[in-house]
Engineer: 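Next up is a structure, given as structure tokens.
What you see is a predicted model; the values in this text were computed from it and never measured.
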Amino acid sequence: MFTIDGSNEPLIRAQLRMMQVRLPFVYFLTFSALLVIGQQRLAHGFDLPTVVGSGVLIALSIWRLVYWVRFKATGLSAEQVRKKLQTVAYSAGLLGFVFTSWTIFVCTHDNSQSYTEVGIFVLLSLLGGLFCLAYLRQAALMLILSVSVPMFSYSLVWSAEFHSALTLHFIFIVGIITVITHFFGRDFETFIDQRSRLYQTQADAKAQAEEMRFLAYKDVLTDLDNRRGFFHFLRRKFPNSDGHSLTLGLIDLDGFKPINDIYGHPSGDDLLRKIAHRLVEFLGEEVFVARVGGDEFALVTLQKMTDHEIIALGRAICAALKVPFVLKSGVQVKLSASLGFARAGVDASDPETLFERADHALYYAKTYHLGHALLFEPKHERVTRDSAEIAQGLRDSQFIDEMEMIFQPVVSAENNNVTCVEALARWHRPDGLEILPDTFIPVAEAMGLMNKLTLALFEKATDCMLHWTKYLKLSFNLSASDVVEPHVVRALMDITHQKGISPNRIIFEISENVLYDQPEQAQKMLERLAGFGFSISLDDFGGRLSNFSHLHQLPIYAVKLDSELICDLRFSTQSRILVRKIVELAQGLNLRVVAQGISSSDHLHVLEGLGCEYYQGFHFARPMSQAKLLNLLHQQNGHIGQQGVA
């Protein structure tokens, strides 16, 4: 009943705060009462015990009053608070007993009015003290008990009937006060408990709000900021009139999807975490990095950099991401990245436009300079908008019907006979606009429509073959996404078989980039095509990215020399030496060599003696429709004269 329970920390701290405010009034009340008692007693003459006793008690009251006025509850532990309250409770009992006993001692006279005076005075003082101590039930009860016992004992001395009735009335009042004090203290405890629960609920709600805000701005997979967090940072840091520098970069991973598909999403998630860690570690704390898409990251640097330094940073990032990653499963994977940069204040005047400009540069890099970093130029935005219009057209299910196949002959270097024709596509829009493959094919690949487009164009090309002479071969281009898809390879076989065309009349041209993302799958599918009877030609060979090991590792039938290499033959001895070595190597491997891009007799003159077996270019024939091709073959009987065909 009189022991302070320290288990409810919010309650005892609230009680101590209330005592800190109210105890000075208790001691001030005691001080005032002692003065009155002393005055009343000394009115009957000087009394040394009264003077000394009152002086000591008054000094003690003043000391405790000053103590509680200056008392600070901050910094106390829960146990210290409990002990302080326990001391208050015991002090209340001691103070009540001493005060009541002293009052009885001082005010008692040999007349019938003394008991009444003492009772009324003590009762009033008790009410004042209880009002101040009501928030601490233990102290209030101690005070009631310490006052009641001396008063009841004193009443036993006075056995008169009047005094007995007064004692009973005093006990009745004290009882009521005790009940009221008990309920008041209990209500205060309930209030503090409910308030604590409310505060805890508010704290939990605030913590949950902070957590939700954190989750709203954070990517839980990589622990980087997400797209929302990135734009929040970008808007806060975007330069104002101060002219601070800001460069935004977007990073898109090249080859992530095949890794994710082959090894599964857990491995893909592991790879993304490792990429995020490498970017943060490589770029340091001065560069803000976020994940803004599935395999797309963004960075913001506030360092002032020249255009050259920005591109150098992009190249360094590309090089860092090309270093192989080792997944938790033990698998080692490789990928590359393309980057687009834009500068605040130079390329855009607001965060949203800046992001769009960087995205335009990224799109251009992925479309035309895969694996490189580009700084935004106005042409990037034009290309992106044109691509958006093309994408809208590709969403129309009728776009296949708008595709037309044209053919460019490949002739024998020995006699200029047409031995093969390369199939090329032209998209004739209803608005009269003709779109070339190098424009619509990247968009189709980005939209995931390349497989559908390839099979549709192959259907058209093989339909044309049904009207050709039996000796004429078809050269048809396959993209990287075509080569690695088993259903596409199966469909190519089925189409050829259904139309009764011999597979050895079809040559599939591939670029070496088909081998970068999924080399094992690509080689497997190429071997499957070759096993069916198709021929495989390696296009644009001899360029900067050529790998000579592909000539003997893959089922290659022919190589087509890079057209830029052919153009350099007239001016570069090194190019002529390189062509001669490629031809010698190819012939040693029993491969055919096609020189493409021959646009003049000067090219042809330089090529003579280098050993190329087949020629292709505007000097011999431009791409032509099916009707013109049939007319040409009919007129020339499969032979193109020395002057070429316009």
Engineer: Which distance, rounded to the nearest 0.5 Å, do you find between the CD1 of I506 and the OG1 of T462?
Structural biologist: 6.5 Å
Engineer: Taking the side chain as every heavy atom from C-beta outward, state whether I400 and L457 have any atom pair closer than 4.5 Å.
Structural biologist: no
Engineer: Checking the side chain of R592 only, and the main-chain atoms of A558 only, is there a donor and an acceptor separated by less than 3.5 Å?
Structural biologist: no
Engineer: Do I507 and F476 come close enough that some side-chain heavy atom pair is under 4.5 Å?
Structural biologist: no
Engineer: Measure centre to centre between the rings of Y364 and F376, then say whether the value is under 6.0 Å.
Structural biologist: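 Ring centroids of Y364 and F376 are no less than 6.0 Å from each other.
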Engineer: On the 0 to 90° scale, with breaks at 30° and 60°, tag the H372-H369 ring pair as parallel, tilted or perpendicular.
Structural biologist: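 Correct class here is perpendicular.
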Engineer: Does any N or O in the side chain of S349 come within less than 3.5 Å of the main-chain N or O of G345, such that one atom is a donor and the other an acceptor?
Structural biologist: no
Engineer: Do S479 and E445 come within less than 4.5 Å of each other through their side chains, counting heavy atoms only?
Structural biologist: yes
Engineer: When rounded to the nearest 0.5 angstrom, what is the spacing between CD in E381 and OG1 in T353?
Structural biologist: 9.0 Å
Engineer: In terms of side-chain heavy atoms, does S599 have a donor or acceptor partner in H619 at a distance below 3.5 Å?
Structural biologist: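 Side-chain D/A pair, S599 to H619: absent.
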Engineer: Taking atom types as modelled, is there a side-chain donor on N477 or E422 under 3.5 Å from an acceptor on the other?
Structural biologist: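 Indeed, the side chains of N477 and E422 share at least one donor-acceptor pair under 3.5 Å.
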Engineer: Using the rule given for ring-ring contact (aromatic ring centres under 6.0 Å, His included), can you reason through F508 versus F458, listing the C-alpha separation, both sets of side-chain angles and the distance that settles it, and then say yes or no?
Structural biologist: CA-CA 11 Å; F508 287 120; F458 188 67; 5.7 Å; yes
Engineer: Do S338 and D252 pass the side chain to side chain donor-acceptor pair (under 3.5 Å) test, and can you show the C-alpha distance, the side-chain angles, and the key distance before you say yes or no?
Structural biologist: CA-CA 5 Å; S338 301; D252 192 88; over 6 Å; no
Engineer: Quick one: pull up CG in D295 and CG in L335 and give me the separation to the nearest 0.5 Å.
Structural biologist: 9.0 Å
Engineer: Answer yes or no: is there a side-chain heavy-atom contact under 4.5 Å between E613 and V594?
Structural biologist: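 They are not in contact (no side-chain heavy atoms under 4.5 Å apart), so the answer is no.
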Engineer: Side chains of D482 and T454: is there a donor and an acceptor less than 3.5 Å apart?
Structural biologist: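 Checked: D482/T454 side chains pair up, N/O donor to acceptor below 3.5 Å.
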Engineer: Looking only at the side chains, is there a donor atom on one of H428 and E402 sitting less than 3.5 Å from an acceptor on the other?
Structural biologist: no
Engineer: Taking atom types as modelled and ignoring hydrogens, do the side chains of S412 and N417 form a donor-acceptor contact shorter than 3.5 angstrom?
Structural biologist: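 Distance-only check fails for S412 and N417.
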Engineer: Are E509 and S537 close enough that a side-chain donor and a side-chain acceptor fall under 3.5 Å?
Structural biologist: no
Engineer: Report yes if some heavy atom in the side chain of I259 is under 4.5 Å from a heavy atom in the side chain of L271; otherwise report no.
Structural biologist: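 Side-chain contact under 4.5 Å: yes.
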Engineer: Is L321 close to F297 at the side-chain level, that is, under 4.5 Å between some pair of heavy atoms?
Structural biologist: no
Engineer: Can you confirm whether D539 sits close enough to Q596 that some side-chain heavy atom of one is under 4.5 Å from a side-chain heavy atom of the other?
Structural biologist: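 Yes; the side chains approach each other to less than 4.5 Å.
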Engineer: Please lay out, stage by stage, how L279 and L224 fare under the test side chain to side chain contact (heavy atoms under 4.5 Å, CB included).
Structural biologist: CA-CA 11 Å; L279 284 173; L224 299 176; 5.8 Å; no
Engineer: Write out all pairs satisfying salt bridge (Lys or Arg N to Asp or Glu O under 4.0 Å) with one or both partners inside residues 483-492, taking only residues at least two apart or from two chains.
Structural biologist: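 The answer is R490-D494.
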Engineer: Roughly how far, to the nearest 0.5 Å, is OH of Y368 from NE2 of H380?
Structural biologist: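 Answer for the NE2-OH pair, H380 versus Y368, is 10.5 Å.
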Engineer: Could you point out which residue of I317, I311, I310 forms a side chain to side chain contact (heavy atoms under 4.5 Å, CB included) with L313?
Structural biologist: I317
Engineer: Rounded to the nearest 0.5 Å, what separation is found between the CG atom of L375 and the CG atom of D347?
Structural biologist: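 If I round to the nearest 0.5 Å, the distance is 6.0 Å.
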Engineer: Does R343 use its side chain to pair, donor to acceptor, with the backbone of T247 at less than 3.5 Å?
Structural biologist: no
Engineer: Look at the aromatic rings of F231 and F355 and report parallel, tilted or perpendicular, splitting at 30° and 60°.
Structural biologist: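 F231 vs F355 ring planes: tilted.
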